[in-house]
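A short write-up of the structure that comes next.
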2 protein chains.
Amino acid sequence: MTQIKESSTRNFNKGLSITACPVTYAINKIGGHWKPIILYHLMSGPKRYSELKRAIPAVTEKMLIQHLKQLQDDNLVIRKAENVVPPFVTYYLSEAGEDLTVVLNAMADWGLRDSKRYMKSA
Amino acid sequence: MTQIKESSTRNFNKGLSITACPVTYAINKIGGHWKPIILYHLMSGPKRYSELKRAIPAVTEKMLIQHLKQLQDDNLVIRKAENVVPPFVTYYLSEAGEDLTVVLNAMADWGLRDSKRYMKSA
DNA sequence: CAGAATCCTATACGATACTG
DNA sequence: CAGTATCGTATAGGATTCTG
């Protein structure tokens with residue numbers, strides 16, 4: 001598995017900055033390239049693995065699973081698996097994940113506003 | 001210069017997700033590991049290059065300059081250089097950068113709240 | 001269906017040395 | 001002081017194949 005290692009100066013520095021700044025703490029939890037999108041899709045309710053995949057066609061399985069796992073590790077999403085064949089797995093936001101809605105919306109607002117800033121020529 | 005290239009599937013996908021989600025648009029502008037910290041320090045007023053360096057000891061010159069440049073390209077910070085010897089360069093937030101304050105604060109709030117969530121044992 | 005495993009590349013990042 | 005240049009590494013991310 002190509003996961004995050006805990007060695008290297010890089011992670012050391014990362015650690016430093018986390019403690020220094022709550023913003024960085026947040027970035028480190030939702031900063032992955034696909035995490036916000038996943039979270040975004042989860043904001044509209046629980047989704048099955050395949051639904052997420054279809055909702056975000058650009059993401060590879062690896063990335064999806066990987067980020068989903070990180071989000072679980074960070075206690076932002078919850079995975080619920082029925083033990084049936086074929087498998088039925090749903091992902092949904094935890095409390096902490098729900099709380100993120102505010103942040104995501106703030107970011108979305110800003111993103112929208114910012115992109116408009118460079119469009120309105122008239 | 002080790003800058004961002006515009007080729008590769010990766011960037012293509014990145015592009016896709018940007019258009020799909022304003023949150024991702026935002027992440028792509030402030031998602032760099034040092035950007036939020038830089039922005040954060042700039043929130044308290046204009047800073048000289050050396051001040052930033054001192055304020056964020058963990059960052060290397062390369063990273064600082066690089067992110068500073070990206071932030072300029074993204075119109076989040078403004079660079080103002082006096083043409084004197086020794087050089088006197090100041091960085092400060094643009095309008096768009098100031099707008100980010102809300103987002104950064106939302107993230108900071110969440111980060112603080114989230115980290116507390118895992119501390120309060122009593 | 002949901003996911004694990006493997007292989008590979010790009011690039012983000014760090015360290016260090018040099019310059020106007 | 002405020003940067004640039006060069007080099008090396010790690011890891012994030014992609015493509016593909018396989019499985020309970």
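Throughout, protein chains are lettered first and strands after them, A, B, ... in sequence-line order, and every chain is numbered starting at 1.
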Specify the separation, in whole Å, of atom [atom1] of [X] and atom [atom2] of [N].
X	N	atom1	atom2	answer
Ile65(B)	dT19(C)	CD1	P	17 Å
Glu51(A)	dA2(C)	CD	P	8 Å
Leu52(B)	dA2(D)	CG	P	9 Å
Gln66(B)	dT11(C)	CD	C1'	10 Å
Ile56(B)	dC13(C)	CD1	C1'	15 Å
Trp34(B)	dC13(C)	CH2	P	9 Å
Lys53(A)	dC1(C)	NZ	P	8 Å
Lys69(B)	dA5(D)	NZ	P	8 Å

Measure the shortest side-chain to side-chain distance between Leu42(B) and Leu52(B) over non-hydrogen atoms and say whether it is less than 4.5 angstrom.
-> yes
Does a side-chain N or O from [X] land closer than 4.0 Å to OP1 or OP2 of [N], or not?
X	N	result
Ser50(A)	dA2(C)	yes
Arg48(A)	dA2(C)	yes
Lys62(B)	dC7(D)	no
His33(B)	dC13(C)	yes

Checking dG20(C), dT4(D), dG14(C) against the side chain of Pro87(B) (C-beta onward), the nearest is dG20(C)
Consider the side chain of Met63(A), meaning its heavy atoms from C-beta on, and name the nucleotide among dT4(D), dG13(D), dG14(C) that approaches it most closely.
->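 Among dT4(D), dG13(D), dG14(C), the one nearest the side chain of Met63(A) is dG13(D).
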Is Asp99(B) salt-bridged to Arg117(A), going by a charged N under 4.0 Å from an acidic O?
->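 Judged by the 4.0 Å cut-off on N to carboxylate O distance, Asp99(B) and Arg117(A) do form a salt bridge.
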Residue pair Ala26(B) / Met107(A): nearest heavy atoms and the distance that separates them = CB-CE, 3.6 Å
Might you confirm whether atom CD of Glu95(A) has over 12 heavy atoms from other residues, nucleotides or ligands at distances under 6.0 Å?
->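 No, the 6.0 Å shell around CD holds no more than 12 heavy atoms from other groups.
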Can you check whether Arg48(B)'s main-chain N or O pairs, donor with acceptor, with Glu51(B)'s side chain at less than 3.5 Å?
->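 Yes, because the side chain of Glu51(B) sits within donor-acceptor range (under 3.5 Å) of the backbone of Arg48(B).
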Earlier contact from the 5' end, DNA chain D, for Glu61(A) and Tyr49(B) =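 Nearest-nucleotide comparison on DNA chain D picks Tyr49(B).
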Between Pro86(B) and His67(A), name the one whose nearest nucleotide on DNA chain D is closer to the 5' end.
->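 The answer here is Pro86(B).
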